[in-house]
Amino acid sequence: MNSLIDRITGKDKLLGQIDHLSEQLKQLDLERNKIRTELNKAFEERTAANNQINSLKKRYSQLEENYKKLSQAYHNKTQELEKLSEVYSVLLSNNTDLKNEVAILQEERKEVKSKLKTLEHELSFYENRFGRVLESSQSGYSVKATDWDCNFFEAIEKIKGNRFNDNQVEAIRYDMEKHLQIIAGAGSGKTETICAKVVYLIQMKNVNPSRICMMTFTKKARREMEERVNKFLGVKKSNVNVSTFHGAFMSLFNQLKKQNPAYSSIGIQGGNADEGESEYKRELHKLINKYRLFKFDKHNDKTIFGRISFWTNMGFSIDQMTDYIEKHFDSVIDDKEDAPVSVRFNLMLTELNQIRKEDEIVVYDDFLINLYDALFQYPEARDFVQNRYDYIFIDEFQDINPLQMETVKLICPPTSASKLIIVGDDDQSIYAFRGSDPSYIKNFPETYHTHEIRLMRNYRSKQKIVDAGNWVISENKHDRIKKSMEAFHKEDGEAIIVGCSDTKEEAHWILTRAQEIGQLEPFTLEGKVESINYTVSTVLYRSRRQLQSMFQALDIRGVPYVIEKMDDVMGIFSIQDFHNVYKMWQELVVTRGNKLQLWRSVLINALGHYFVSKNAIEQWFENLDVATFSDVIDEALTLVVSKTRNKDTLPLKQYMFLLADLKQGKPVNMKTVAEYFLNSPRVKDNVTDEEKNWILKELEKYNTWIELLGFYERMQKRKDEMKDNLEKYHDEKYNALYFLTIHGSKGLAFENVFVIGCNDGGLPSSHAVELKDVDVQSCREKAEPPTTEEEERRLMYVAVTRAQKKLYVTFPKAVQDKPCGRSKFLGELNLPIYDCDKVNPICPIK
């Protein structure tokens, strides 16, 4: 009956039309959402482009202004010349004064024309490289007096002493509809920004502090973030979880164990990780001997310890490690053993982990592995952890490795209600040797639905320093997020490249310049004044080999210094193989008696350097039945020939007889002893030519045992004193020149910076290759991460951008009395180059 009425009244037809219109409306909504998504994406792309455009605006404007001025000058000179030409034509041809004036004007006109061409070329280069810089209106300060959150910004800015810029405000305010990626360049104030965002969430969005987690990589960075959050909140200790990666993962795993004690059976747990690292190495060394993995432990300068650590951080299992060894090493390493390297490695690592589990030998990597395994295996563990935090901040995201990334995805998957705020700069990714990969920050939007904000204003460095950083890093054309920093400080500052005849002259020039700078503002402590303030200068270096001449110059001139990597202060004794054998010589000399048993460790060391296995040496030594030391040596040489087929045993024989003379107190030339040691096959593989030359050069000065012993004791005393001096330096109670590796300098800033050793083979490393020429996967499988030119360039960028006021990039023209190539990065910095004797001195304040 109802259907009949509906047909009569036309209701059924209307209902059909309504259904049709509803369907059309749904389609329109889908189309609208699609368009909105595309608009948002376009807006984000436009914002990123505008950031890049604005960062180059000032430089382009300066060039354009100079171009206009020179164009006008050129036009004026041309008009003046034309007028003079007219006058000249009616005057006598022998008027010498007028001829000279016209000639001068013609030269000036040529000079202006030449400068115009140079500027045209530079403008064209900028446009081709960075895109044409368009004029854009300044948006002004983005927090207005009428904004609802104005009071928040006023309060925070009062604490920190200055205002946030527009991009920082945008990052702090962003409503976290999506995950947030903050690309933060060097000196851009990223720490203050993310800490302010944490406080904004707490105070303005009423987020429970315990629902926020902040992760970073170092204890120093953790302390800095924690102190900043507490300061902004006005409390002594907040409930925000601020941790290192290891600390955060350990905390989450401990919370899981409280939820379910069954998780206690996962992985290796228990002891103290600081103590565990050394215990782990001791047990590993024993097992390397047991499973006769000596050759693999030194293959391509990579230790088994280093390979295991790298593979672990790549997220590889023991079975995967074994497969990779079988694939890449079984056929390469011929150590005459019955079982292949891969089989012995698998047995060794299985036994090592069993020992570690029984004895509770924990290392820091276990914190990561345990949490990953728990989350990967147990859905209930994932449910708990994924509901633990609402907001997870990850600082220095460019340094994340695969194991950490996979664990982060389990803690906060892309579909999670929790939100990630990642902060970093792919241009500062310099830890590939630890497994870090800048592709994770570059490709983050491909995994997570992301909003991107860029912090591209450098508050740290003067204009010329920022420009140098922009120039050098832009050469990584195909290996980075394209961007450019803008200097907040408009003063030029000083940034130059300085060439020296050799490393000695380089060292002395640096010390002289540091003293000149130090005279500008004396060092004052507790009322005492020192005329030269060394604390305002910092020396950054790539590797300890660059410090040989520097240490000599420091000693000669009596300049106080501190060095962060204290082992580097030991000079040639920081070279591991030489340090080990020196301690063995020392033990041989001081141990009383002359029994054969005293030679056990020396023989094991010496024959081991000829690739005779420790087990073979031990067995041979136990069965020795000879009357004289000479007979022992003859038997040892026979063993080398039989086990390794190495017939060139004369250097070993000479080496052992020299040690016998040393033991008996006879005069021995220690340089000769060292030469025989350095020429043994395994040592030749381990010690570089540069290190070998360094050792032999030092032993020219300390060639008797007494002199060498005194030298070592002075180095050891220096190292012992260095710890106290370094602590006083950081407390601003010790006036000294500061030495730091470039890797160790990341995240820090210094008034005046010297970047030393920028010759080819120094920076970049002699092992550097272009990324396009590398089989990255094969390198990962071998646990031999490549040294790429791109990463070396990032290392140079990090070094350059540490400087606030003055930057000196120095290079020697000769190393070890041989001419060396200049670093390709010197040209890329786009800085003037001077010979060191042509650099103007800095005038001290009168």
Enquirer: Flag the pair Ile421 / Ile392 as yes when at least one side-chain heavy-atom distance between them is below 4.5 Å, and no otherwise.
Expert: no
Enquirer: Regarding Ser317 and Asp319, is there a side-chain donor-to-acceptor distance under 3.5 Å anywhere?
Expert: no
Enquirer: I'd like to check Leu740 versus Arg802 (side-chain heavy atoms, cut-off strictly below 4.5 Å). Are they in contact?
Expert: no
Enquirer: Less than 4.5 Å apart, any side-chain heavy atom of Phe384 and any of Leu252?
Expert: no
Enquirer: Answer whether the closest heavy-atom distance between the side chains of Met796 and Leu763 falls below 4.5 Å.
Expert: yes
Enquirer: Quick one about Asn346 and Thr322 (side-chain donor to acceptor, distance below 3.5 Å, no hydrogens or angles considered), yes or no?
Expert: yes
Enquirer: The criterion is ring pair (Phe, Tyr, Trp, His ring centres under 6.0 Å); which residues satisfy it with His328, sequence neighbours excluded?
Expert: none
Enquirer: State whether Tyr431 and Arg434 meet the cation-pi test: NZ (Lys) or CZ (Arg) under 6.0 Å from the six-membered ring centroid, and within 45° of the perpendicular axis.
Expert: yes
Enquirer: Would you say Asn443's side chain and Glu446's backbone share a donor-acceptor pair under 3.5 angstrom?
Expert: no
Enquirer: Can you sort out the partners of Tyr263 under ring pair (Phe, Tyr, Trp, His ring centres under 6.0 Å), two or more places apart, ordered by chain and number?
Expert: Tyr378
Enquirer: Would the distance check show the side chain of Lys257 and the main-chain N or O of Gln255 forming a donor-acceptor pair, the cut-off being under 3.5 Å?
Expert: no
Enquirer: Using a 4.5 Å cut-off on heavy atoms from C-beta on, say whether the side chain of Ile194 contacts that of Met225.
Expert: yes
Enquirer: Would you check if the side chain of Ser745 reaches a backbone N or O of Ile742 as a donor-acceptor pair within less than 3.5 Å?
Expert: yes
Enquirer: Please name the pair of heavy atoms, one in Gly185 and one in Asp425, separated by the smallest distance, quoted to 0.1 Å.
Expert: CA-OD2, 3.7 Å
Enquirer: Say whether Gln777 and Glu781, considering side chains only, have a donor N or O and an acceptor N or O under 3.5 Å apart.
Expert: yes
Enquirer: Mind listing the closest non-hydrogen atom pair of Pro438 and Arg794 along with its distance?
Expert: CG-NH2, 4.1 Å
Enquirer: Could you list the residues that satisfy ring pair (Phe, Tyr, Trp, His ring centres under 6.0 Å) with Phe253, not counting sequence neighbours?
Expert: none
Enquirer: Donor-acceptor pair, His179 side chain versus Leu420 backbone, under 3.5 Å?
Expert: yes
Enquirer: How far does CG of Asp373 sit from CG of Leu410, to the nearest 0.5 angstrom?
Expert: 10.0 Å
Enquirer: With a 4.5 Å limit on heavy-atom distance, are the side chains of Glu789 and Leu771 in contact?
Expert: no
Enquirer: If you measure from CD1 on Ile202 to CE on Met204, what distance do you get to the nearest 0.5 Å?
Expert: 12.5 Å
Enquirer: What verdict does the side-chain contact (heavy atoms from CB on, under 4.5 Å) test give for Met485 and Ser188, after you've listed the backbone C-alpha separation in whole Å, the side-chain angles of each residue and the deciding distance to 0.1 Å?
Expert: CA-CA 9 Å; Met485 295 298 295; Ser188 61; 4.3 Å; yes
Enquirer: So, His743 versus Phe433, ring centres under 6.0 angstrom or not?
Expert: yes
Enquirer: State whether the side chain of Asp359 and the backbone N or O of Ile361 hold a donor-acceptor pair below 3.5 Å, judged by distance alone.
Expert: no
Enquirer: Asn580 and Gln576: side-chain donor and acceptor closer than 3.5 Å?
Expert: yes
Enquirer: Centre-to-centre under 6.0 Å for Tyr324 and Phe316, is that the case here?
Expert: yes
Enquirer: Taking atom CG as the centre, does Asp338 end up with more than 12 heavy-atom neighbours from other residues, nucleotides or ligands that are less than 6.0 angstrom away?
Expert: no
Enquirer: Counting N and O atoms only, with roles assigned by atom type, does the side chain of Ser278 sit under 3.5 Å from a partner on the main chain of Glu275, one being a donor and the other an acceptor?
Expert: yes
Enquirer: Could you report the tightest heavy-atom contact between Asn370 and Gly267, atom names first, then the distance?
Expert: OD1-CA, 3.4 Å
Enquirer: Which residues pass the salt bridge (Lys or Arg N to Asp or Glu O under 4.0 Å) test with Glu224, sequence neighbours left out?
Expert: Arg228
Enquirer: Could you tell me whether the side chain of Glu337 reaches within less than 4.5 Å of the side chain of Leu293, counting heavy atoms only?
Expert: no
Enquirer: Please check: side-chain N/O of Glu283 versus main-chain N/O of Arg356, any donor-acceptor pairing under 3.5 Å?
Expert: no
Enquirer: Quick check: do Asn167 and Ile182 have side-chain heavy atoms less than 4.5 Å from each other?
Expert: no
Enquirer: Would you say the side-chain atoms of Asp297 and Thr303 include a donor-acceptor pair closer than 3.5 Å?
Expert: no
Enquirer: Report yes or no: does Ser238 contribute a side-chain atom to a donor-acceptor pair with the main-chain N or O of Val240 at less than 3.5 Å?
Expert: yes
Enquirer: Does the Arg173 side chain pair with the main chain of Ala171, one donor and one acceptor, at a distance under 3.5 Å?
Expert: no
Enquirer: Search all heavy atoms of Gln386 against all heavy atoms of Ile411 and return the closest pair with its distance.
Expert: CG-O, 3.2 Å
Enquirer: Is a donor on one side and an acceptor on the other found under 3.5 Å between the side chain of Arg542 and the backbone of Ser765?
Expert: no
Enquirer: Which heavy atom of Gln269 sits nearest a heavy atom of Ser264, and at what distance?
Expert: NE2-O, 3.1 Å
Enquirer: What about the rings of Tyr280 and Phe305, do their centers lie closer together than 6.0 Å?
Expert: yes
Enquirer: Would you please name every residue forming a ring pair (Phe, Tyr, Trp, His ring centres under 6.0 Å) with Tyr291, sequence neighbours left out?
Expert: none
Enquirer: Between Arg480, Lys746, Arg793, Lys442, which is the residue that forms a salt bridge (Lys or Arg N to Asp or Glu O under 4.0 Å) with Asp427?
Expert: Arg480
Enquirer: What residue among Tyr448, Phe444, Phe245, Tyr440 forms ring-ring contact (aromatic ring centres under 6.0 Å, His included) with Phe397?
Expert: Phe444
Enquirer: Please identify each residue that fulfils salt bridge (Lys or Arg N to Asp or Glu O under 4.0 Å) with Lys772, with sequence neighbours left out.
Expert: none
Enquirer: Under 4.0 Å between a Lys/Arg side-chain N and an Asp/Glu carboxylate O for Glu226 and Arg223?
Expert: no
Enquirer: Do you know which of Arg211, Lys205, Lys419 makes side chain to side chain donor-acceptor pair (under 3.5 Å) with Asp390?
Expert: Arg211
Enquirer: Just how far is it from atom CG of Asp426 to atom NZ of Lys482, taken to the nearest 0.5 Å?
Expert: 13.5 Å
Enquirer: For Glu396 and Gln398, does a side-chain donor sit closer than 3.5 Å to a side-chain acceptor?
Expert: yes
Enquirer: Please find the pair of heavy atoms, one from Gln428 and one from Tyr797, that lie closest to each other, and give the distance.
Expert: CG-CE2, 4.0 Å
